[in-house]
Structure formats: structure tokens, C-alpha cells
Participant: 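The structure's right below; bear with me while I get my questions together.
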Amino acid sequence: MASNTYEYLWSVCEKAMEDAQQTTGSPWYYYFTAMTMAYFCYEAFLNHVLHLIAPETFSNEKEFFSKAPYKGTEGKLRKVCEVAGVIFPNKGDATYQQIRLLKSLRDFVAHGKTEMISMVVEASNGPEAINIQSTLHELITKQNAEKSICSIKEFIISLNKEVRNKTYCDRLALFPLQGMSAFGSASEIQP
């Protein structure tokens, strides 16, 4: 049996966006979670696809995707497109730019560098008291969360459909990001 990690990550993303809409406090923390999980979902989705359509490459993932032209997550997308015969997306496309925004957030958080900021802030008590305009606050906004999460969902669904159709890989979900999914097989054990 295989459990699709990307589906779990997508569920966390959607739950965080739902919580952002329902909170009486600052939704910023929920947007942070949602955006981060959306990008992690995208990375996990590419891993899932590669595992299915290029298992020999994926079995050596760390080494293969550590050098050009297949370095990193963009390299994984390049390999998926190459193996499936799908056109690599235009990097100037609005959808691709939203994915790059999420990657910027992921990279900033993963590398955790301290920012030195000098500014005067007028603040009161409450959840907005720490609203310093750091890189995180520039990246994590309601508008960025809504646009980037919608874009990455559309991209994953579209890519999944194209790869499924071109590779005839029936282990790719018909409707990804529509709920938890897994793939398995069973056999009867004789008593």
C-alpha cells in the first residue's frame, strides 16, 4: 500500500486557510502555514510522480537532483516534463510566478537567516503588535496566500492530468487534491 504524502500536506494547507477565515485573531499565522504546506505539497507531488513514471531516477533522488540541469524542485519538474513529454511551463507565466513566490517563502524559512530591521513601529497590544515588515510579512499576505494556493492547485491538477494522459500511468489519481488517497493491492491468505 502507498500513502500519498502530498494529499496530507494539501489537507493541512486547506485547513489552515479555513482557520484563517474563521479566526478572531491574526490570520497571518494560518496563511504562513497554508503557504508553506502548499509548497511542500508541490514538492511531494513531484516526488510522487517521479516515483511512478521514473522509478530508476527517483531511486537515486538525492544524487540525481543535486546537479544541473535537474537540480532541486525545478529540476524535478523538468524531469517529469521530459519523461512524460509535457512542455515545461513558461517561467514568466503568472501561475509559475506564484509557485516561485512559494519557493521563496520555503527557502527563506528553510535557511532561517536573521534579518536586521531598523524602523519605528507604532503598535498597540494584541496580535498585530508584532507586525514588523520583514521579508516574511512581505511574502505572507492574504492576497499572496489566496493567489499562490489557487495557482499551485491548478498547476498540480493540470500537470497530473497531462502526465497521466501521456504516460498512461493509472496510479496517478484521477482527481488529485480532492481528498486523501492511497494505492494498494491485496491478496487472500489461505487459513
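Just so it is clear, the values below take in all heavy atoms, side chains as well, and ignore hydrogens, waters and symmetry mates.
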Participant: Are Ile149 and Tyr30 connected in a single hydrophobic cluster, I mean Ile/Leu/Val/Met/Phe/Trp/Tyr linked by side-chain heavy atoms less than 4.5 Å apart?
Facilitator: no
Participant: Can the ring centres of Tyr39 and Tyr42 be said to be less than 6.0 Å apart?
Facilitator: yes
Participant: Is the closest side-chain heavy-atom distance between Leu105 and Thr135 below 4.5 Å?
Facilitator: no
Participant: Nearest heavy-atom pair of Lys166 and Gly85: which atoms, and what distance?
Facilitator: NZ-O, 3.2 Å
Participant: Identify the heavy atoms of Met35 and Leu101 that sit nearest to each other, and give their distance.
Facilitator: CE-CD2, 3.5 Å
Participant: For Phe65 and Gly75, work out which heavy atoms get closest and say how close.
Facilitator: CE2-O, 3.9 Å
Participant: Testing Phe58, Phe64, Phe88 for ring pair (Phe, Tyr, Trp, His ring centres under 6.0 Å) with Tyr70, which one passes?
Facilitator: Phe64
Participant: Please step through side-chain contact (heavy atoms from CB on, under 4.5 Å) for the pair Asn144 and Leu102, ending with a clear verdict.
Facilitator: CA-CA 9 Å; Asn144 283 349; Leu102 291 174; over 6 Å; no
Participant: Please give me the minimum heavy-atom distance between Lys71 and Ala68, naming the atom from each residue.
Facilitator: CB-N, 4.1 Å
Participant: Please check this pair: side chain of Ser66 against backbone of Glu63, looking for a donor-acceptor N/O pair closer than 3.5 Å.
Facilitator: yes
Participant: Tell me whether the rings of Phe45 and His48 are parallel (<30°), tilted (30 to 60°) or perpendicular (>60°).
Facilitator: tilted
Participant: Quick check against the 3.5 Å criterion: does Arg106 have a side-chain atom that pairs as donor or acceptor with the backbone of Thr36?
Facilitator: no
Participant: Would you say Ser158's side chain and Glu154's backbone share a donor-acceptor pair under 3.5 angstrom?
Facilitator: no
Participant: Would you name the heavy atoms of Gln178 and Glu7 that are closest together and state the gap between them?
Facilitator: N-OE1, 3.9 Å
Participant: Which heavy atom of Gln98 sits nearest a heavy atom of Ser151, and at what distance?
Facilitator: CG-OG, 3.4 Å
Participant: Check the pair Val163 / Val83 against side-chain contact (heavy atoms from CB on, under 4.5 Å), numbers first and verdict last.
Facilitator: CA-CA 9 Å; Val163 171; Val83 171; over 6 Å; no
Participant: Main chain of Ala20, side chain of Thr23: is a donor-acceptor contact present, judged purely on distance under 3.5 Å?
Facilitator: no
Participant: Quick one: are Phe155 and Leu77 in side-chain contact, heavy atoms under 4.5 Å?
Facilitator: yes
Participant: Should Phe32 and Trp28 be marked as a ring-ring contact (aromatic ring centres under 6.0 Å, His included) after you check the CA-CA gap, both sets of side-chain angles, and the distance that decides it?
Facilitator: CA-CA 6 Å; Phe32 191 164; Trp28 186 85; 5.4 Å; yes
Participant: Rounded to the nearest 0.5 Å, what separates atom NZ in Lys103 from atom OG in Ser148?
Facilitator: 15.0 Å
Participant: Ignoring hydrogens and geometry, is there a side-chain-to-backbone donor-acceptor pair from Asn160 to Ile156 under 3.5 Å?
Facilitator: no
Participant: Passes side-chain contact (heavy atoms from CB on, under 4.5 Å), Cys41 versus Leu177? Steps please.
Facilitator: CA-CA 9 Å; Cys41 170; Leu177 309 182; 3.8 Å; yes
Participant: State the OG-CG distance between Ser59 and Leu50, to the nearest 0.5 angstrom.
Facilitator: 11.0 Å
Participant: Nearest 0.5 Å, what's the CD-NZ distance between Glu14 and Lys153?
Facilitator: 5.5 Å
Participant: Show, in sequence, the C-alpha distance, side-chain angles and deciding distance for Lys161 and Leu174, and conclude whether the side-chain contact (heavy atoms from CB on, under 4.5 Å) test is met.
Facilitator: CA-CA 7 Å; Lys161 182 178 180 180; Leu174 281 172; over 6 Å; no
Participant: Hey, is Lys76 close enough to Glu61 for a salt bridge, meaning N to O under 4.0 Å?
Facilitator: yes
Participant: Between the side chains of Glu74 and Arg78, is the shortest nitrogen-to-carboxylate-oxygen separation below 4.0 Å, so that they form an ion pair?
Facilitator: yes
